[in-house]
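Structure record follows, encoded as C-alpha cells.
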Amino acid sequence: SLAGEALLVARHLAREALLREMKDLYPEALRDEALRPLLQDLAKRFQALFPEEPIPEGIRSLLQRT
C-alpha cells in the first residue's frame, strides 16, 4: 500500500539521518567529552528505532569507555 511504502521511506530516511548525525558527531566527541552525552542520546534513539541494527563500531566502543 502507499501508506506502507511511505512508512518504509520515512524509516529509511530516519535511519540515514541518525547514522549521519552520529558519524558527524563522533570525531568531535572523541576530542570533547562534553559532547558524548549527545552522542549517547543519538545512539539510544537509533537503537530504540532500529533494534536489529548495530551501532557503528567506533561509536559503540567510545560510548562503552564513557
Side-chain angles (χ1 to χ4, degrees):
S1 79
L2 199 55
E5 189 104 352
L7 186 60
L8 285 175
V9 169
R11 273 184 63 81
H12 175 75
L13 292 175
R15 179 185 169 278
E16 293 300 306
L18 276 170
L19 276 173
R20 188 168 44 254
E21 281 185 75
M22 284 191 293
K23 288 178 179 175
D24 288 349
L25 186 58
Y26 173 69
E28 300 296 320
L30 272 175
R31 288 190 291 274
D32 184 355
E33 279 189 37
L35 293 172
R36 292 182 192 175
L38 179 55
L39 188 61
Q40 179 84 53
D41 182 60
L42 289 171
K44 282 181 181 169
R45 288 196 337 219
F46 184 81
Q47 283 294 191
L49 288 170
F50 309 102
E52 70 287 350
E53 292 264 345
I55 290 177
E57 178 60 41
I59 294 168
R60 193 173 69 238
S61 70
L62 175 64
L63 292 176
Q64 285 171 346
R65 282 190 266 148
T66 305

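Any value given below was found using the heavy atoms of this structure, including those in side chains, with hydrogens, waters and symmetry copies removed.
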Check your understanding: For the residue pair Leu18 and Phe50, what are the closest heavy atoms and their distance?
Key -> CD1-CE1, 4.4 Å
Review point. Is any side-chain heavy atom of Leu62 closer than 4.5 Å to a side-chain heavy atom of Arg65?
Key: yes
Point to revise | Closest contact, heavy atoms only, Leu30 versus Arg36 | key: O-NH2, 3.1 Å
Check your understanding: Should we count CD of Glu33 as having more than 12 external heavy atoms under 6.0 Å?
Key -> no
Review point. Which value, rounded to the nearest 0.5 Å, describes the distance between Lys23 atom NZ and Leu39 atom CG?
Key: 12.5 Å
Study note, to complete from the structure: Note: Pro56 and Met22 closest approach over all heavy atoms is CD-CE, 4.3 Å
Practice item. Measure the spacing between CZ of Phe46 and CD1 of Ile59 and express it to the nearest 0.5 Å. Key: 9.0 Å
**Study point:** Contacts of type side-chain contact (heavy atoms from CB on, under 4.5 Å), residue Asp32, not counting sequence neighbours
**Key:** Ala34, Leu35
Study note, to complete from the structure: For Glu57, the side-chain contact (heavy atoms from CB on, under 4.5 Å) test, sequence neighbours excluded, returns Arg60, Ser61
Exercise for review: Mark yes or no for whether Arg11, through its side chain, and Leu49, through its backbone, hold a donor-acceptor pair below 3.5 Å.
Suggested key: yes
Review point. Does the pair Asp41/Arg45 count as a salt bridge with the N-to-O cut at 4.0 Å?
Key: yes
**Study point:** Rounded distance (nearest 0.5 Å) linking atom CG of Leu42 with atom CG of Asp24
**Key:** 10.0 Å
